[in-house]
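Please read the structure below before turning to the comments.
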Amino acid sequence: MVNSPHFFGYSRFGAELTKGKTDQREQFDFATPYENQWKPGDPEYLKLWGSPQWPDEDLLPGFKETFLRYLAQVEKLSFNFIELLAEAFQIPVSSLDPFFNEGRHLQHRAKVVKYPVPPDDSSDQGVGPHFDGGFLTFLLQASPHRGLQVQNLRGEWIDAPPIPGSFVINIGKALETATQGLARATSHRVLSPEPGSTPRYSIPFFQNISQNVRIGDSVLQFSPDILKLKESRGEEVAPDSVNYAEYGLLPSGEVALIGRVKSHPDVAQRHYPDLFKQFFPDGLPAQGFAY
Ligand SMILES: O=C(O)CCC(=O)C(=O)O
Ligand SMILES: [Fe+2]
């Protein structure tokens with residue numbers, strides 16, 4: 001991944017941080033096709049979308065073609081879902097246009113993730129508590145392991161075990177911000193497989209929104225009846241996840257870039273030195289703890 005200003009490619013076991021703690025997983029980051037369009041003078045966050053690094057066709061014949069087909073299908077599903085969401089909230093689908101670049105091409109990310117059984121003396125943080133960015137995540141749990149957990153309104157962590165033939169759909173922090181909190185972002189984490197078990201695999205697809213939209217300027221409006229639904233949830237405990245709090249204030253592309261910088265400081269150091277210095281003033285973190 002360190003070769004890619006778009007944060008695509010392979011991250012080795014233990015290379016990634018969530019809430020400043022090392023995640024016990026390794027992964028490949030890919031995405032739907034996109035040609036980078038950044039030019040000098042443009043905001044730096046426009047460097048984030050670009051061509052994925054694909055494995056050598058000789059080493060993994062057919063992978064790229066198959067994965068791109070999968071991404072195209074899930075992308076379509078993700079927009080069908082957005083239409084259902086608009087229907088449920090009783091708003092016109094067109095009110096969501098500002099988030100989708102007025103119909104222009106977006107790039108959506110996806111990963112292939114492996115959670116090995118961690119060494120005896122290490123933590124069981126497969127990935128720590130976090131929100132996904134963007135609007136919706138379509139998470140395929142690709143092996144039968146438990147480990148994925150989501151946090152309920154009382155702040156308790158609940159298992160979300162795999163159900164064959166289904167996706168887990170997470171609400172992203174951008175959607176929460178755009179809907180005034182009506183769609184509550186899914187706080188989630190993954191516990192590593194138990195000692196003596198086998199590695200767990202997952203394939204999340206992250207539905208993105210326009211890089212230039214500042215959500216605070218485009219917050220959706222709802223009828224009083226719909227807004228009242230929020231109150232009917234009763235008292236809500238603050239979730240453990242804290243990331244992507246900047247969606248109301250900054251362009252969404254900048255929020256996404258900050259998230260990447262915090263998770264992958266080595267990539268940031270090479271390609272985004274100013275942001276790296278801002279978030280890691282003491283230099284590259286030792287494995288385990290950072291900001
Ligand atoms: O592996 C999983 O089930 C969840 C992965 C995840 O939450 C993420 O990568 O954002
Ligand atoms: Fe996630």
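In listed order, ligands and their atoms are each counted from 1. Predicted model, so just to flag it, every value in this text is computed and none were measured.
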**Q.** Centroid-centroid distance, F138 to F81, less than 6.0 Å
**A.** yes
(Q) Taking E16 first and then R25, would you say they form a salt bridge - that is, a charged N and a carboxylate O separated by under 4.0 Å? (A) yes
**Q.** With H188, the side-chain contact (heavy atoms from CB on, under 4.5 Å) member among V127, D132, I158, V168
**A.** D132
Q.
Is it the case that the ring center of F205 lies less than 6.0 angstrom away from the ring center of H108?
A. yes
Q.
Let me confirm one number: the NZ-OH distance from K111 to Y10, rounded to the nearest 0.5 Å.
A. 13.5 Å
What does the N/O contact table under 3.5 Å look like for ligand 1?
residue	atom	partner	partner atom	Å
ligand 1	1 (O)	Y115	OH	2.5
ligand 1	1 (O)	R200	NH1	3.1
ligand 1	1 (O)	S202	OG	2.6
ligand 1	3 (O)	R200	NH1	3.2
ligand 1	3 (O)	R200	NH2	2.8
ligand 1	7 (O)	H130	NE2	3.1
ligand 1	7 (O)	H188	NE2	2.9
ligand 1	9 (O)	R25	NH1	3.0
ligand 1	9 (O)	K111	NZ	2.9
ligand 1	10 (O)	H130	NE2	3.0
ligand 1	10 (O)	D132	OD1	3.1

Q) Restricting to N, O or S atoms of H188, which is nearest to the Fe ion (ligand 2)? A) NE2
Q) What pair of heavy atoms forms the shortest contact from A110 to L71, and how long is it? A) CB-CD2, 3.5 Å
Q.
Suppose we only allow N, O or S atoms; which atom of D132 ends up nearest to the Fe ion (ligand 2)?
A. OD1
(Q) Could you go through K173 and E176, starting from their C-alpha distance and side-chain angles, then the distance that decides it, and tell me whether this counts as salt bridge (Lys or Arg N to Asp or Glu O under 4.0 Å)? (A) CA-CA 5 Å; K173 194 71 179 173; E176 175 181 283; 2.8 Å; yes
